[in-house]
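Naming: A, B, ... by sequence-line order, numbering from 1 per chain.
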There are 2 protein chains.
Amino acid sequence: MSEPHCHHAQSPREVASLVETCIDQLRARGLRRSRGLDALLQHMAAHHHPATLADLARVDSLAGLDQATIYRLVMKLESAGLVRRRGLHDRATYFQLVVPGHHHDYLVCTVCGRIEDIELSCPVEPLEREVMARSGYTHVYHELGFFGICPECARHAASVS
Amino acid sequence: MSEPHCHHAQSPREVASLVETCIDQLRARGLRRSRGLDALLQHMAAHHHPATLADLARVDSLAGLDQATIYRLVMKLESAGLVRRRGLHDRATYFQLVVPGHHHDYLVCTVCGRIEDIELSCPVEPLEREVMARSGYTHVYHELGFFGICPECARHAASVS
DNA sequence: ATACATGCAAACATTTTGCTTTGGC
DNA sequence: GCCAAAGCAAAATGTTTGCATGTAT
């Protein structure tokens, strides 16, 4: 939990316990502990950076897993509330494992699409309660993203014009 | 997709002036004042609710405009910084006109996809400066969305289980 | 033995591009 | 007349489903 950069790998013990917790919840929903599920959770627990289905299919430990299989697994994880989707202005959808106590905000370059993890004391959490109260929605969470032009793309644009 | 219902209803005069401002900027970039551009801006200035390309193509005043044409217009508007895209966990991308001084946050049902406009004193604006300073990014803006289950879907789910 | 999981291929939805014709300047 | 815009159709990209087979329980 003291890891500053959450997309960095966590200790093997933390990853293992996260995976077990997930699998327990999934088995209660009738899922089986299959090769694919295990590999996918293992990866997503170790790297909770947003990933598209194509990203996941490219991961070594998931190689050989069909993208349709990954798709179906991710959908099941999402239904179980273990994974959330996220739009980052890319044509593809990004997914990431929900890790209790972890919240991520991102900074995305609107030119090259680069996605950076940013640390900030997010002032939005307290608002979730207000939003739930006012709207009657349940299971509310928020998503905050910053968009702008990265220094590299800015330099490039300057040299072009 | 919910019908545009904007809390900042604009007077015809405001809409017209917004459209003129946009067209001036676009002409400076070499765009011509065409039927399509005029109709699209007119609509987007009057309804700044997020809309997909398909949404736009369905609008009466834009009927007859090919979706590829709308696509190209929207891309040009985006390049000019007059339109921003927005992901709302739908498969399609949403677009909306940038109106100076207006900022919108949305509440989206993760079950039915309904999109509601929510008013809140957004505490994120001050952070934009901090993000720019720390990252070196320019033209930074943010996007805040809340996701949850709407009362109707919650009721439905309860009656199913 | 019974489902759920997987791979493969096909269907779908959306975005993007090419090319020809039309229209603004 | 020149170059941008529009229309049409096709290609590209990403998501979703059907079906036959493999595998966990």
Interatomic distance, A/Asp55 CG vs D/dG14 C1' [rounded to whole Å]: 13 Å
Side chain to side chain contact (heavy atoms under 4.5 Å, CB included), that's the test. Do A/Leu41 and A/Leu26 meet it? Break it down for me. CA-CA 11 Å; A/Leu41 280 175; A/Leu26 292 167; 4.1 Å; yes
Between atom OH in A/Tyr94 and atom C1' in D/dT13, what is the gap in whole Å? 13 Å
Step by step, would you call B/Gln25 with B/Leu82 a side chain to side chain contact (heavy atoms under 4.5 Å, CB included)? CA-CA 9 Å; B/Gln25 289 189 53; B/Leu82 298 175; 3.8 Å; yes
Just the rounded figure in Å: distance from C1' of D/dG7 to CG of B/Leu53. 16 Å
Whole Å only: how far is the CE atom of A/Met75 from the P atom of D/dG14? 15 Å
Boundaries of the chain B footprint along DNA chain C (any atom under 4.0 Å from a heavy atom): C/dC12 to C/dC25
Quick tally for nucleotides 19-25 of chain D: nucleotides whose base has a protein heavy atom under 4.0 Å get B, sugar-phosphate-only ones S, the rest -, giving B----BS
Among residues 79-92 of chain A, which ones have heavy-atom contacts with DNA chain D below 4.0 Å? A/Arg91, A/Ala92
So, A/Arg114 and A/Glu116, do they make that salt bridge, N to O below 4.0 Å? yes
Using a 4.5 Å cut-off on heavy atoms from C-beta on, say whether the side chain of A/Val111 contacts that of A/Cys150. no
Please state how far atom CG in A/Asp66 lies from atom P in D/dT17, giving the value in whole angstrom units. 15 Å
So does A/Asp24 have more than 12 non-hydrogen atoms from other groups sitting under 6.0 Å from CG? yes
Does a side chain donor of either B/Glu143 or A/His89 reach within less than 3.5 Å of an acceptor in the other side chain? yes
Between CG of B/Leu65 and C1' of D/dC8 the distance, given in whole Å, is 14 Å
Worked verdict on A/Tyr106 versus B/His142 for ring pair (Phe, Tyr, Trp, His ring centres under 6.0 Å): CA-CA 10 Å; A/Tyr106 298 94; B/His142 79 275; over 10 Å; no
Regarding A/Arg84 and the six-membered ring of B/Phe147, is the cationic atom NZ or CZ under 6.0 Å from the ring centre and inside 45° of its axis? no
Under 3.5 Å, is there a donor-acceptor pair linking the side chains of B/Thr52 and B/Asp55? yes
Could you walk me through whether B/Glu152 and B/Arg155 pass side chain to side chain contact (heavy atoms under 4.5 Å, CB included), step by step? CA-CA 5 Å; B/Glu152 202 170 316; B/Arg155 206 160 41 242; 3.8 Å; yes
Using a heavy-atom cut-off of 4.0 Å across all strands, would you classify A/Thr93 as base, sugar-phosphate, or nothing? sugar-phosphate
Check the distance between D/dG7's C1' and B/Gln67's CD and give it to me in whole angstrom. 13 Å
Pick base, sugar-phosphate or nothing for B/Ala54, based on heavy-atom distances below 4.0 Å to the nucleic acid. nothing
Is the shortest side-chain heavy-atom distance between B/Val59 and B/Leu40 below 4.5 Å? no
